[in-house]
Protein chains: 2
Amino acid sequence: MASSESILRNHALRLTGSREEILDVFLRESRALSQREIELEMEQACDRVTIYRTLSTFLEKGLLHKVLDDSGVTKFALCSTTCVEHEPHQHDHVHFKCVQCGNTLCVEEVHVHMPILPSGYAVQEMNVLMQGVCPDCGKTRA
Amino acid sequence: MASSESILRNHALRLTGSREEILDVFLRESRALSQREIELEMEQACDRVTIYRTLSTFLEKGLLHKVLDDSGVTKFALCSTTCVEHEPHQHDHVHFKCVQCGNTLCVEEVHVHMPILPSGYAVQEMNVLMQGVCPDCGKTRA
DNA sequence: GTTTATGCAAATTCTTTGCAATACT
DNA sequence: AGTATTGCAAAGAATTTGCATAAAC
């Protein structure tokens, strides 16, 4: 598993405590996270604004991708290696949001093949969000 | 085409000026709209809060569905007749957001067939957002 | 006449911006 | 040393809540 430090180096980003910790949260949680969620998961908190700015930087540099959510907050998830290596990014995997725990997971194994749109549409990117009950929550209530 | 009045009656909702006008905006624009966009399109404006509350009511009663968007605002679109008649709602059509004009359209003709997730996931709903350049914007720049 | 919807004020939450102080290379 | 990052204060959006008034049935 890649360390936060190596990820930062690979993307030519300065190593700072906040960045490492934010990355660590993503590596540890392996799910889509909002600024607020990151703040709560950080062991040594930094300013809200730093998190927002770090997320923008990471998005720009291709470490993270946005994950759609219908709750009104912006969520991000770590890009996988394959994603980082391709241009443009490949996010054709499915995101699954659990309606019970609220967590959003990247289901890397499942890919959706892009449908053909009527002529005139120039598609650049596709995002799929599935919602329901995740394995963990389903187990608990069984 | 259904009138705002008949739609409200069919859903056992009181007929009020605000509700009719908000519905009219959806019928006229036929695209996904945020509270702000509705406010701007209304001929006779009502309070912001009324729009928010009306959107919640319409969502609850099944007149509208949420449309995913990565801009951080919540958008809604009219449910089609077929959607309203099914339980749970069917929103397996594709939403297309134009990166140039920012409009989000329901591409009703295109359906995505739901992929099989690993066992343990109880899927209730799927949303697909495609992004790129819409026919209108593509035409203009050609 | 009852019930429900609206407007207004105000509070909350999410996100962005400016600038001086600090940390990284 | 020089440049990029951070924190703090503050501003700006988006959204929600409480309560009295007004409108719908």
Side-chain angles (χ1 to χ4, degrees), chain A residues 3-25 32-76 102 104, chain B residues 3-25 32-61 63-76 97 102 104:
Chain A
S3 71
S4 54
E5 196 179 315
S6 66
I7 296 176
L8 288 173
R9 282 196 206 286
N10 289 343
H11 292 269
L13 288 167
R14 287 197 180 180
L15 271 67
T16 72
S18 304
R19 285 177 176 177
E20 291 183 47
E21 245 214 275
I22 291 171
L23 263 182
D24 281 337
V25 173
L33 297 162
S34 65
Q35 175 275 323
R36 184 92 183 90
E37 291 172 311
I38 294 166
E39 190 172 16
L40 296 173
E41 297 287 349
M42 284 177 80
E43 289 168 1
Q44 186 186 327
C46 66
D47 195 88
R48 259 201 312 299
V49 177
T50 301
I51 300 178
Y52 279 113
R53 285 196 273 229
T54 303
L55 289 171
S56 301
T57 304
F58 286 180
L59 186 66
E60 219 168 76
K61 299 288 180 180
L63 281 77
L64 297 177
H65 59 276
K66 279 196 185 181
V67 175
L68 297 175
D69 195 279
D70 64 5
S71 73
V73 296
T74 307
K75 290 188 172 184
F76 300 84
T104 303
Chain B
S3 70
S4 54
E5 194 181 314
S6 66
I7 295 175
L8 289 172
R9 283 197 205 287
N10 289 343
H11 289 83
L13 288 167
R14 288 196 178 179
L15 271 68
T16 73
S18 304
R19 287 177 175 178
E20 291 184 47
E21 244 215 277
I22 292 172
L23 262 183
D24 281 336
V25 173
L33 297 162
S34 65
Q35 176 276 323
R36 185 92 183 90
E37 290 172 312
I38 294 167
E39 190 172 17
L40 295 173
E41 296 287 349
M42 285 177 79
E43 289 168 0
Q44 185 185 328
C46 66
D47 196 86
R48 258 203 311 297
V49 177
T50 300
I51 300 177
Y52 279 113
R53 285 198 272 229
T54 303
L55 289 171
S56 302
T57 304
F58 285 0
L59 187 66
E60 220 168 75
K61 300 287 180 178
L63 280 77
L64 297 177
H65 59 277
K66 278 195 185 183
V67 175
L68 298 174
D69 196 279
D70 64 4
S71 72
V73 296
T74 307
K75 290 188 174 186
F76 300 85
K97 176 169 180 176
T104 303

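In what follows, chains carry the letters A, B, and so on, assigned in the order in which the sequence lines appear, proteins first and then strands, with residues in each chain numbered from 1. Keep in mind it's a predicted model, so treat the numbers as computed, not measured.
- Between B:L55 and B:I38, the closest side-chain pair of non-hydrogen atoms falls below 4.5 Å.
- Atom CG in B:D69 sits about 13 Å away from atom P in C:dT15, given to the nearest Å.
- Closest contact between the side chain of B:L15 and the listed nucleotides D:dC25, C:dG18, D:dC19 involves D:dC25.
- Not a single donor-acceptor contact under 3.5 angstrom links the side-chain atoms of A:R19 to the base of D:dT5.
- Taking atom CD on A:E37 and atom P on C:dT15, their separation rounds to 11 Å, with Å as the unit.
- Counting only heavy atoms from C-beta outward, the side chains of A:K66 and A:F76 approach each other to under 4.5 Å.
- Among the protein residues, A:S18 comes within range of the sugar-phosphate backbone only, with heavy atoms under 4.0 Å from sugar or phosphate atoms but none that close to a base.
- Between A:T50 and D:dG7 there is a side-chain N or O to OP1 or OP2 distance below 4.0 Å.
- Nucleotides of DNA chain D nearest to B:L13 and B:Q35 differ in position, and the one nearer the 5' end is that of B:Q35.
- For the atom pair B:I7 CD1 and B:E20 CD, the distance stands at 10.5 Å (nearest 0.5 Å).
- Evaluation of atom-type donor-acceptor distances gives a pair under 3.5 Å for the side chain of A:R14 against the base of D:dT3.
- Stretches of at least 3 consecutive Watson-Crick or G-U wobble pairs, with each checked distance under 3.5 Å, appear in DNA chain C as C:1-25 with D:1-25.
- Under the salt bridge (Lys or Arg N to Asp or Glu O under 4.0 Å) criterion, B:K97 pairs with B:D69, B:D70, not counting sequence neighbours.
- Backbone-only engagement by A:R36 is indicated by non-hydrogen atom pairs under 4.0 Å involving sugar-phosphate atoms exclusively.
- The base of D:dG7 is not paired with the side chain of A:R48 by any donor and acceptor separated by under 3.5 Å.
- Residue A:C46 is the one, among B:S34 and A:C46, whose nearest nucleotide of DNA chain D lies closer to the 5' end (criterion: closest heavy atom).
- Note: CG (B:D47) to P (D:dA20) measures 17 Å, nearest angstrom.
- If you measure from atom CD of A:E5 to atom C1' of C:dC24, you get 13 Å, rounded to the nearest angstrom.
- Taking atom NZ on B:K66 and atom P on D:dT15, their separation rounds to 9 Å, with Å as the unit.
- DNA chain C is contacted by both A:R53 and B:T54; B:T54 maps to the nucleotide lying nearer its 5′ end (nearest heavy atom per residue).
- Atom CG in A:L8 sits about 16 Å away from atom P in D:dA4, given to the nearest Å.
- At a threshold of 4.5 Å between non-hydrogen side-chain atoms, the residues A:T16 and A:T54 do not count as touching.
- Using a 4.0 Å heavy-atom cutoff across all strands shown, B:V73 reaches sugar-phosphate atoms only and no base atom.
- B:R36 places none of its side-chain heavy atoms less than 4.5 Å from the side chain of B:V73.
- In this structure, the CE atom of A:M42 is 12 Å from the C1' atom of D:dT6, given to the nearest Å.
- To the nearest angstrom, P of C:dA5 lies 10 Å from CZ of B:F58.
- Note on A:T57: nothing from the nucleic acid sits closer than 4.0 angstrom, heavy atoms only.
- When distances run from any side-chain atom of B:Y52 to the nucleotides C:dC8, D:dA9, D:dT16, the shortest one goes to D:dT16.
- Considering only side-chain N and O atoms, B:T74 lies nowhere under 4.0 angstrom from the phosphate OP1 or OP2 of D:dA14.
- For A:D24, the side chain to side chain contact (heavy atoms under 4.5 Å, CB included) partners are A:S4, A:L27, A:R28, not counting sequence neighbours.
- With rounding to the nearest 0.5 Å, the separation of OG1 in B:T57 from CG in B:L8 is 10.5 Å.
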